[in-house]
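Take a look at the structure set out below.
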Amino acid sequence: MTVRTRFAPSPTGYLHVGGARTALFSYLFARKHGGQFVLRIEDTDLERSTAESVNAILEAMTWLGLEYDEGPFFQTHRFERYNAIIETLLEKGLAYRCDCSKERLETLREQQMAQRLKPRYDGHCRGQAIDPDRPHVIRFKNPVDGVVVVDDLIRGRIVFANAELDDLVIRRSDGAPTYNLSVVVDDADMGITHVIRGDDHINNTPRQINILRALGYEPPRYAHVPMILGDDGARMSKRHGAVSVIAYRDQGYLPEALLNYLVRLGWSHGDQEIFSLEDMIAAFEISDVNRAASSFNTDKLDWLNQHYLQHADPARIARLLSPHMGRLGIDPAAGPDLSSVVQAQAARAKTLTELAEISAFFYRDFETFDEAAAKKHLRPVARDGLERLRAAFELMAYEDWTLAGLKHVVEGVAEELGCALGKVAQPLRVAIVGRAASPGIDETLLLVGKEATLRRIDRALAFIAARAERD
RNA sequence: GCUCCCUUCGUCUAGUGGUUAGGACGCUGGCCUCUCACGCCGGUAACAGGGGUUCGAAUCCCCUAGGGAGCGCCA
């Protein structure tokens, strides 16, 4: 039997990191075992499902590179099928109509809570003949005794007593099937062999197994993965900043970094930290997934993102960086080759957004000098060095404007002045960059170009002069 | 309240009866150095608590505590 897994989000919002990890695990498991991964949209809740959410989920899956072999399937397209199944259940006496009022159910619930019991439907309509033409729901007739055993691939054996379960609604009064029914029918129809999902579904599992059995299907294997908590250990929510996969993309994270981060949340392979998708597929074992929830840690994600920024193909990073430059109002075509900038700067940024920010000076003159940097380096004592550098740069032919040529000039001036390289390079750096941090001075000058270099040295000299006068 | 799940450094984790409890992020000391990063070397810090079982428990059993999920005509 070939392995088939599925990812089944409900389109009531964007794809969040928890869902993305569940999708990743399902994907890895299918790929690992030569099986198929299917995407199914669980949109039976007509009220809350939206087309925008569907698009957002598909966009996120594509960005992450989690390719599905089949789908997306939509449950709303399969209502006929669900209803046929429900009819069968009704005919076989495995389900029944119920017209209990909301008030009755509410009262029942209150009574049970008062008696310290678990609120459950009491089976009031079980044996009754309910008029099919009047408003009603349909409930599944859950076994009243015995147990349901779930041999979870991650948690091991979990046993539920049927006495704890009740007769759940499988069709609403508006005729729409409910989650527990549609999920079961779909998993069976789609030949899903392994259901990998969040552990918030553990308690649904015995109900679903009971329905599956009533229908004569063999239940799939289940693997319940723990949830992901926010930085503070509380449940992930909007107040934890980005929870949406797309938000991470927009903030300048690389898909391989997010995937690598996510796969290590609840799963590990010895001491290995860096995993390509191929590595993950090769090493992934569902039984190695942890049982405990884990907290999302942005610092570690940043570390991974920086790692991939440094090691990925600079040309590709340049393409991804381009829109972030545009967002700063910069046209990358109007300056040095972006790939060269990436190579010079990648080790200095944690995200593409940050990479764009620290690279803006290659493309346009900065607004103001960093105060601390200017105070420390743009002082009268630096004037002589800057003037000599300016003169030397001005005399350089464009073909001499190379790493070696620039290095030679800067070192030469330091030698003339009989001082350390830093005494000359730092004022120059602040003059060119506006602050005290940048790639090597030769590399910086090379990319900034001769014209901007001369212009900015003049500006720095004017700044020093103005300052001398003021003091 | 009931049912189910979970518990190793701050965080992610390794560990399956005998380890100086390992790695990673973070933090931190140093090296490198024209700056900032990167990189390299070092440090910091954990078995929730209590009972057993055993010659010996992070590892097996029980209890307690703490955390989470479910208990919908949501998924």
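In what follows, every chain begins at residue 1, and chains take the letters A, B, ... in the order their sequences are listed. Keep in mind it's a predicted model, so treat the numbers as computed, not measured.
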Original post:
Does A/Ser173 get its side chain close enough to the base of B/rC73, under 3.5 Å, for a donor-acceptor pair?
Top reply: yes
**OP:** Could you label the plane-to-plane angle of the A/Tyr248 and A/Phe296 rings as parallel, tilted or perpendicular, counting under 30° as parallel and over 60° as perpendicular?
**Re:**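 A/Tyr248 and A/Phe296: tilted rings.
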Protein-nucleotides 38-49 of chain B N/O pairs closer than 3.5 Å?
residue, atom, partner, partner atom, Å
B/rC38, O2', A/Gln310, OE1, 2.8

Subject >> Per-nucleotide protein contact string for nucleotides 10-15 of chain B (B base, S sugar-phosphate only, - none; heavy atom under 4.0 Å) >> reply: -SBSS-
**OP:** Look at A/Asp186 together with A/Arg78 and state whether they make a salt bridge at an N to O cut-off of under 4.0 Å.
**Re:** yes
Original post:
Going by number, which of residues 338-346 of chain A have a non-hydrogen atom under 4.0 Å from RNA chain B?
Top reply: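 Correct list: empty, so none.
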Original post:
Residues from residues 144-157 of chain A sitting under 4.0 Å of RNA chain B, heavy atoms only?
Top reply: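 Nucleic-acid contacts, sorted: A/Arg155.
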For nucleotides 61-65 of chain B, give me every protein contact, N/O to N/O, under 3.5 Å, one pair per line with atom names.
none

Subject >> Within 6.0 angstrom of A/His136 NE2, more than 12 heavy atoms from elsewhere >> reply: yes
Original post:
For A/Ser49, does its backbone N or O pair with a side-chain atom of A/Ser53 as donor and acceptor, under 3.5 Å?
Top reply: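 A pair under 3.5 Å: no.
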Original post:
Between B/rG26, B/rC34, B/rA75, which one does the side chain of A/Gln426 approach most closely?
Top reply: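 That would be B/rC34.
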Subject >> Nearest to side-chain heavy atoms of A/Met227, which nucleotide of B/rC4, B/rG70, B/rG68 >> reply: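 From the listed options, B/rG68 comes nearest.
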Original post:
Taking only residues two or more places apart in sequence or in another chain, which ones pass ring pair (Phe, Tyr, Trp, His ring centres under 6.0 Å) with A/Phe275?
Top reply: A/Trp267
